[in-house]
Asks: 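My structure is below; once you've seen it, I'll send some questions.
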Amino acid sequence: MGVVTDIRSRSRSAKLAAGVSCEKAGRSGKRNVSLFWRIFSLNAAGLVVATALLLGPVTVSTPVLAGEALVLLAGLAALLAGNAVVLRIGLTPLHRLGRAMSTADLLVPGTRPEVSGPAETAQLIETYNTMLDRLQAERAAGAGRALQAQERERHRIARELHDEVGQTLTAVLLQLKRVADRVPGELREEVTLAQEATRAGLDEIRRIARRLRPGVLEELGLASALRSLAAEFTHHGLTVQHHIPGDLHPLAPEAELVLYRVAQEGLTNTARHAGADRARLTLRPLPPPEGGGVELLVRDNGTGLGAATEGAGIRGMRERALLIGAEIHFEPAPGGGTDVRLRVPAPPGDRSADRTGDSP
């Protein structure tokens with residue numbers, strides 16, 4: 001009984017979907033004729049006309065007269081031209097679908113090919129679009145699980161670095177201090193150098209732990225975390241300016257983490273590969289009708305992306321953007337350099353676009 005019920009429900013769903021598609025076709029005012037019937041109708045029309053001519057008073061002389069040959073050749077040319085037009089119209093959507101399939105990238109959400117053409121072609125394009133949407137949703141879910149596991153592993157490593165390695169180096173520093181108070185004068189300089197090297201290693205361990213686990217993001221919020229990130233990357237040869245208002249609309253923790261990680265990766269690429277001496281980190285609210293969302297911009301005056309292939313860093317940023325349904329673009333900056341632009345939409349059900357724009 002359960003199987004029969006399931007089959008009936010499926011048939012009802014199929015009929016409902018077919019009814020909806022027919023209703024949509026009726027509303028659009030276009031009758032979608034299949035490619036088979038288009039070619040068959042044209043060929044049938046040509047054959048009917050040829051048969052009517054043969055059965056009628058029109059005859060072909062022997063030898064064939066010039067006028068008769070001209071009429072036959074004109075009819076053949078018209079039939080061939082009609083076939084060519086029908087095939088061209090019917091196959092153009094397939095060519096468009098082929099181009100879309102060859103350039104499709106699940107990490108780069110783009111426009112779907114237009115559902116058009118004969119019934120078979122339209123159904124194929126619609127099936128491809130549905131498959132692409134499903135694959136993109138599955139890729140986003142898989143990326144979300146992978147990134148969550150990555151963040152948990154980052155937290156674990158950061159905690160072990162801070163608790164285990166950091167405490168060990170701190171104990172070594174204290175021991176070296178006691179040794180420095182008792183060591184003879186000729187060895188004191190070497191002990192001092194050992195102290196400085198240990199202190200530098202401890203500072204590096206703490207810096208790595210902060211990058212692995214942004215505690216300031218959890219404790220002080222996104223604005224403070226981004227300001228701290230800009231200050232961290234401001235070093236010899238690179239100046240990072242920032243414009244980050246503190247009264248932005250609250251975002252989901254996942255969105256804040258993605259914004260922070262994209263800003264971190266963008267500044268890392270600038271410091272390592274761009275050859276830039278200036279960078280700017282900007283966070284601003286999106287204007288209506290996208291109110292409630294934010295846009296992050298990381299801009300540098302470096303060499304730009306050029307024709308270089310996307311590395312693991314850029315692919316990782318695309319995966320993080322896909323995780324929260326955001327759009328990320330990598331564009332040439334005005335005057336040279338690179339713009340990394342991340343647009344995070346408002347959370348579902350957010351009504352900030354209907355307000356005056358003041359944050360609570």
Asks: Between M317 and G266, which heavy-atom pair has the shortest distance, and what is it?
Replies: SD-N, 4.2 Å
Asks: How many angstroms lie between CD in E265 and CZ in R315, if you round to the nearest 0.5 Å?
Replies: 13.5 Å
Asks: Do L283 and L222 touch side chain to side chain, with heavy atoms closer than 4.5 Å?
Replies: yes
Asks: Locate the shortest heavy-atom distance separating T198 from L169; write the atom from each residue and the value.
Replies: CG2-O, 3.8 Å
Asks: At their closest point, which heavy atom of T303 faces which heavy atom of H273, and how far apart are they?
Replies: OG1-O, 4.2 Å
Asks: Hydrophobic cluster membership, with links at side-chain heavy-atom distances under 4.5 Å among I/L/V/M/F/W/Y: are L297 and V258 in one?
Replies: no
Asks: Would you name the heavy atoms of I244 and L226 that are closest together and state the gap between them?
Replies: CD1-CB, 3.3 Å
Asks: Going by heavy atoms in the side chains, are P334 and D339 under 4.5 Å from each other?
Replies: yes
Asks: In the structure I gave you, are the side-chain heavy atoms of E256 and P253 within less than 4.5 Å of one another anywhere?
Replies: no
Asks: Applying side chain to side chain contact (heavy atoms under 4.5 Å, CB included), run through R318 and F330 and close with a yes or a no.
Replies: CA-CA 10 Å; R318 290 194 185 278; F330 303 89; 3.6 Å; yes
Asks: Side-chain donor-acceptor pair under 3.5 Å between R261 and Q264, yes or no?
Replies: yes
Asks: Closest approach of A223 and P245, non-hydrogen atoms and distance?
Replies: CB-O, 3.9 Å
Asks: Answer with yes or no whether the hydrophobic clustering places M131 together with V115; edges join I, L, V, M, F, W, Y residues whose side-chain heavy atoms lie under 4.5 Å apart.
Replies: yes
Asks: Got a donor-acceptor contact below 3.5 angstrom from the N301 side chain to the R278 backbone?
Replies: yes
Asks: What distance do E327 atom CD and E295 atom CD have between them, rounded to the nearest 0.5 Å?
Replies: 10.0 Å
Asks: How far apart are the C-alpha atoms of I314 and I328, what are their side-chain angles, what is the distance that settles it, and do they pass the side chain to side chain contact (heavy atoms under 4.5 Å, CB included) test?
Replies: CA-CA 10 Å; I314 293 180; I328 188 168; over 6 Å; no
Asks: I need the E254 CD to R320 CZ distance, nearest 0.5 Å.
Replies: 12.0 Å
Asks: Looking at every non-hydrogen atom in both residues, tell me the closest pair between L97 and Y128 and how far apart they are.
Replies: CD1-CD2, 3.4 Å
Asks: Go through it in stages, so that I can follow the logic: the residues are L296 and R341, the test is side chain to side chain contact (heavy atoms under 4.5 Å, CB included), and I'd like the CA-CA distance, side-chain angles, deciding distance and then a yes or no.
Replies: CA-CA 6 Å; L296 174 73; R341 195 180 301 271; over 6 Å; no
Asks: Just wondering, are more than 12 heavy atoms of other shown residues or ligands nearer than 6.0 Å to CD in Q123?
Replies: no
Asks: V298, L238: one ILVMFWY side-chain cluster at the under-4.5 Å cut-off?
Replies: yes
Asks: Please assess E232 against L229 for the test side chain to side chain contact (heavy atoms under 4.5 Å, CB included), listing each intermediate value before the final yes or no.
Replies: CA-CA 5 Å; E232 178 184 345; L229 190 65; 4.1 Å; yes
Asks: What distance do N269 atom CG and D300 atom CG have between them, rounded to the nearest 0.5 Å?
Replies: 9.5 Å
Asks: Given F233, which of L281, T270, V240, T239 fulfils the side chain to side chain contact (heavy atoms under 4.5 Å, CB included) condition?
Replies: V240
Asks: Just how far is it from atom CZ of R299 to atom CD of E331, taken to the nearest 0.5 Å?
Replies: 9.0 Å
